[in-house]
Amino acid sequence: MKLLHTEADLNCLTPLRQRGDLVLVPTMGALHAGHLSLVEHAREIGSVIVSIFVNPTQFGPGEDFEQYPRDLDRDLALLEPLGVTAVFCPQTTLMYGADDGVMVHPGPRADCLCGAARSGHFSGVLTIVAKLFNLIRPQVAVFGRKDAQQCLVIAEMVADLKFPIRLLDVPTRRESDGLAMSSRNAYLKGEERSRALCLTRALDQAKQIIQDGERSTIAVELAMQEAMSAADKVDYTELRQVPHLTKPEQISGRVLLAIAAHIGHTRLIDNLVLAVDNDTVTTAALLDD
Ligand code: AMP
């Protein structure tokens with residue numbers, strides 16, 4: 001497994017790119033089993049490069065950029081046994097010049113949910129992802145369904161800016177009690193860990209009432225809101241249509257149930273993607289193959 005830092009280091013990827021099977025897994029490190037399942041999916045497609053970079057421009061003022069967990073040695077030890085070809089850990093100076101510079105402006109899918117709650121977040125995400133795509137030039141990039149809006153906003157950029165890259169979304173890996181794995185779970189203290197399960201429960205209940213026949217978006221959103229009483233602050237409990245993230249009145253087709261809430265000082269997100277027709281409700285992928 002090669003450790004790459006500079007633009008020149010990336011030249012070693014040329015033969016892999018020529019073989020047509022270079023797969024990128026972008027991360028911010030603090031790796032957990034969710035990240036590793038992305039790597040395992042990527043490994044089935046081709047030669048895997050994992051990027052590790054805590055991207056300052058996707059954190060807002062007062063968010064956790066400074067405290068964000070960083071442990072490169074631990075991350076490398078987790079990746080080594082998985083057959084990863086290379087890990088790219090750029091310096092901030094390679095990814096961002098001294099000035100503010102050019103930023104990518106997201107499309108309309110970024111206007112709601114986390115885009116509404118975290119001003120500038122998706123511009124930061126798209127800017128770093130575009131830079132990684134241009135530096136690494138992978139044929140495939142793999143993202144987690146856990147960050148559903150992020151997947152859809154990136155897919156919109158890839159389509160609109162004509163990046164020649166195929167995207168894949170991988171299901172959310174969960175702890176045994178259902179909590180979605182996240183690097184931020186490490187912040188949860190004492191009883192906060194059990195209160196954090198309210199996100200999982202609210203999503204499960206919403207799925208159940210849709211399975212029982214409810215087709216009103218407002219009714220499902222209210223049920224999720226009520227199920228979130230254990231949270232300290234709820235940013236949103238919403239149902240949106242996939243892929244454009246418009247709000248349907250009636251639920252049908254592929255929909256995203258999405259929640260963001262604060263447990264203590266920790267902001268958590270979780271979601272479910274469902275395919276709903278008249279009488280069947282199944283979990284679904286976000287992106288088409
Ligand atoms: P992050 O390091 O948080 O930026 O995440 C890097 C990638 O891992 C993103 O594509 C995330 O959506 C994905 N990811 C994070 N948590 C999970 C999880 N629990 N299951 C699957 N993928 C995840």
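Numbering of ligands and ligand atoms starts at 1, following listing order. Count residues from 1 along the sequence.
For residues 151-170, the pairs satisfying side-chain hydrogen bond (donor to acceptor under 3.5 Å, both in side chains) are Arg145-Asp169, with sequence neighbours left out.
For Phe88 and Phe53, the gap between ring centers reaches or exceeds 6.0 Å.
Put simply, the side chain of His35 gets close to the backbone of His32: a donor and an acceptor are under 3.5 Å apart.
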Every pair of nitrogen or oxygen atoms between ligand 1 and the protein that is under 3.5 angstrom apart - can you list them with their distances to 0.1 Å?
residue, atom, partner, partner atom, Å
ligand 1, 2 (O), Met28, N, 2.9
ligand 1, 2 (O), His35, NE2, 2.9
ligand 1, 5 (O), His35, NE2, 3.4
ligand 1, 10 (O), Gly144, N, 2.8
ligand 1, 12 (O), Gly144, N, 3.3
ligand 1, 12 (O), Gly144, O, 3.2
ligand 1, 12 (O), Asp147, OD2, 2.6
ligand 1, 16 (N), Met181, O, 3.4
ligand 1, 19 (N), Arg173, O, 3.0
ligand 1, 19 (N), Met181, O, 2.8
ligand 1, 20 (N), Arg173, N, 2.9

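If you check the side chains of Asn55 and Tyr68, you find no donor sitting under 3.5 Å from an acceptor.
The shortest distance between side-chain heavy atoms of Arg240 and Thr246 does not fall below 4.5 Å.
Glu63 has a carboxylate O that lies under 4.0 Å from a charged side-chain N of Arg118, or vice versa, which qualifies the two as a salt bridge.
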